[in-house]
Structures are given as structure tokens and as C-alpha cells.
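Just below is one structure, and these are the notes that go with it.
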Amino acid sequence: MDHSDALIRPELKGIAPYNSGLTLEEVRAKYGVTTIAKLGSNENPLGASSNLPAALAGIAELSRLYPDPQGVALCERLAALHGVARDQIILGNGSEDLIAVVCRAVVRPGDEVATLFPSFPLHEDYTVLMGGKVKRVPVTDDLEIDQTALLAAAAAAPRMLMFANPMNPVGTWLDPEALGAVLTAVPKETLLVLDEAYPEYAEGPDYPDSVPILKAHPNGNWVVLRTFSKAYGLAGLRIGYGIVGDPKLCDYFNRARTPFNTNAVAQVAALVALDDAAHLQRSVALARSERTRIDAGLRGMGFKVARSKGNFLFFDVGRDATAASQQLLAEGVIVKPWKQTGFDTYMRVSIGSIRENDQFLAAIEQLAPKRG
């Protein structure tokens, strides 16, 4: 063992590097392609609101000064949006930052954290880093949430029950009745964390507006995580937030984050995004219509595809997905091969622009299962 290895906590050694995907520059340099469909990170192909450049005319001054450590203006706006008090809102450097904050505040060595599987890897990684143990609740063979197993995991009183709805990477979801059943099953000593990065794409009567449901429940031990990275098109600025059931919990979470964890430009950009409802509607409409088209295209080629309410689809390529993704990269198409145990033949493809999606469909056909 070398000296640097000896310095590292054993929990960290068991965590694999995050699969953040390739940049446009990396793909151009390695594969010599010029037209690229970047469909690996669930970004908004329409980008940010067109009102953003004007709002950032004073960026030099914003850059010179430390940001508001509490993000008061943004927190007040978000509190009004969700019908909660300002002291129930916490800001993060993306919602993934808040996953780390919650785990630092709550998870002790030996604690169990239950989550759906396959999962957003950071749900597991931050748990492990704090010395916690992960209890996986796998999806069913038809890629649906195993609601019976999830209720059992909740009733077993883990320290925390944390999962995405809609699920990332699968895309499936709990409807209002199922979410209500989970909330009923969660004991008061368990913190419920709903990671909702994709609710804008999931609108409809079969998808729950979780905050009113949670507010109506007497147990305030819950957190809902949201982000501006997806539907609002601000992935590069890293801004997210949490809605916390109990203001006292929110106060503790604020102590666990870094004092200036959201920058001034991101705070301004989030306010601009909230003001441009038309841009949000366009972004969601494009993603939902194209999701339907890509889903039909993949199924028509014979792929097994999970139902999805996110701006992505999860499908089985029937072979090692990492190797298969290399073939797509040669065609200028970036997707995300999944690497968690039992799902390494699956890819997650983001819903991009019509041009990007056409490029993906043309490239993926080379990997289509043979038709009988």
C-alpha cells in the first residue's frame, strides 16, 4: 500500500468514479465527427431562456461579490411557488449537492438507506461515503417499480428512504395512490427523500404533485429535491433546491452545506427561468412529443424499452452497453451506457432536438435485435 492509498477512508475506495459522460470536444477529437447528438446527460436541447443574457448584463459585479449565502430572493420565490415557508427551502449547487448535504446531516455509520435500483448512483455513493449501508429495491422484470417490495423496505424503518420519481435511469414512476401508500408505510423515524429532477416532463393525472400530498401528512420528516438543470436548461450553472417538511430539519441541512454553495449568476438565472413559463412549456412539449416518437422507434426495432416520464429512455441493447456505445460514438452519438450490476446491457438516451434524435435513430439501428 502506498502512502496516498493509506490516507484515504476505506468507504471512498469502494466508490467507482462517477460516469459523467463525454464532452463534445472529447468526441470531436477522438472520433473525428463534426455533427454530434449529445444525448447522455438529459440536458435541454433548447437551452436556457432567451431572457437570460439581458439579465446577466451586470455579470462582472455579480462575479466580484460573494453571493447571497441564503439566496433569499430565490428562496422566497420558490416558497411561494410551492406554498411553503421560506425557511423550508434550501438551495444547492445542483440537486446532487443536496443529496450529499442530506447524507452528511443524517446518515451515520451502519445506518441503512433504502433506494430503488437501478438508481442514480449518487444516492448510493453518498450513503456509502458516510458509512451507511444501501438496501436496494430492484425494479421488476418488466422494468416497473416493485411497489410491494418498496413498501416492505419503507416499513422496515431504514434511516432514510431515498429514490427518484420518475426513476433515473429507468423513467418509470409512482402514481399518486402508490406515493400515498409509501408515505403511510414510512415510520416517523425514517427520513423520506424524493429526488424529483424530472417532474415537469411527468405532468398528468397519473403523476403526483408530491408537495401537497406530503404537506397533508402529519410526519414532517421529508425532503423533495428539484433542479433547474433539466427542463429549465441551466445544467451548466448548477442550481437546485430542496423543499423540507420541517423547518428545523432545513436549518440543520443548511448547517451541513457550504456557506456559499450556490453562485450569484445561478441564483439570477433561476429567477429568470421561473419567469419564462413559455420557454418551459416549449421545452416540455418538445421532450414529450419526441419521447413518444423515439420510444416507438426503439420498440419497432425490437428493443426492450422501459416506460418513461423523464426526458430520457432506458432500453436493453442485448449486449455490453459500454462496448455498444463506442459504436454509436463513431457515428457522433453520445448516450449513457449503464454500469450498475445487472443492467450493464442497458443504455439511457436523452431526448434531444429533432435533428439529434434522428441521428440517434439512424445510428442505433445497427444494434437492433434481429427480427424473426
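Fair warning: this is a prediction, and the values are worked out from it, not measured in the lab.
Between the side chains of Q359 and T35, no donor-acceptor pair is found at a separation under 3.5 Å.
The number of heavy atoms from other shown groups lying within 6.0 Å of CG (D142) is above 12. Enclosure of atom CD in E177 is not indicated, since only 12 or fewer non-hydrogen atoms of other residues, nucleotides or ligands lie within 6.0 angstrom.
Between F228 and Y241, the ring planes are tilted. Angles from 30° to 60° get that label. Between F120 and H123, the ring-plane angle classifies as perpendicular under the 30° and 60° cut-offs. Taking the six-membered ring where the residue is Trp, F343 and F117 present perpendicular rings, their angle passing 60° and hence far from 30°.
A distance of 10.5 Å separates CG of D97 from OG1 of T227, quoted to the nearest 0.5 Å. In this structure, S283 OG and Y201 OH are separated by 6.5 Å, a value rounded to the nearest 0.5 Å.
Only one option out of F314, F303, W338, F312 pairs with Y346 in a ring-ring contact (aromatic ring centres under 6.0 Å, His included); it is F314. The salt bridge (charged side-chain N to carboxylate O under 4.0 Å, His left out) with D111 is formed by just one residue from the set R159, K133, K135; it is R159.
Of the charged side-chain nitrogens involved, none lies within less than 4.0 Å of a carboxylate oxygen, so that K215 and D209 do not count as a salt-bridged pair. Salt bridge status for E43 with K38: present, with a side-chain N to carboxylate O gap under 4.0 Å. Electrostatic pairing of R238 and E96 counts as a salt bridge here, judged by a charged N lying under 4.0 Å from a carboxylate O.
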| task | Under the salt bridge (Lys or Arg N to Asp or Glu O under 4.0 Å) rule, what do R77 and D275 come out as? Steps first, then yes or no, please. | result | CA-CA 10 Å; R77 180 67 182 276; D275 282 336; 2.8 Å; yes
| request: Determine, step by step, whether L225 and V223 satisfy the side-chain contact (heavy atoms from CB on, under 4.5 Å) criterion, reporting the C-alpha distance in whole Å, the side-chain angles of both residues, the deciding distance to 0.1 Å, and the verdict. | output: CA-CA 6 Å; L225 302 180; V223 183; 3.7 Å; yes
| said: For E144 and R307: C-alpha separation, side-chain torsions, deciding distance, then whether salt bridge (Lys or Arg N to Asp or Glu O under 4.0 Å) applies. | reply: CA-CA 8 Å; E144 295 289 344; R307 293 194 308 152; 2.7 Å; yes
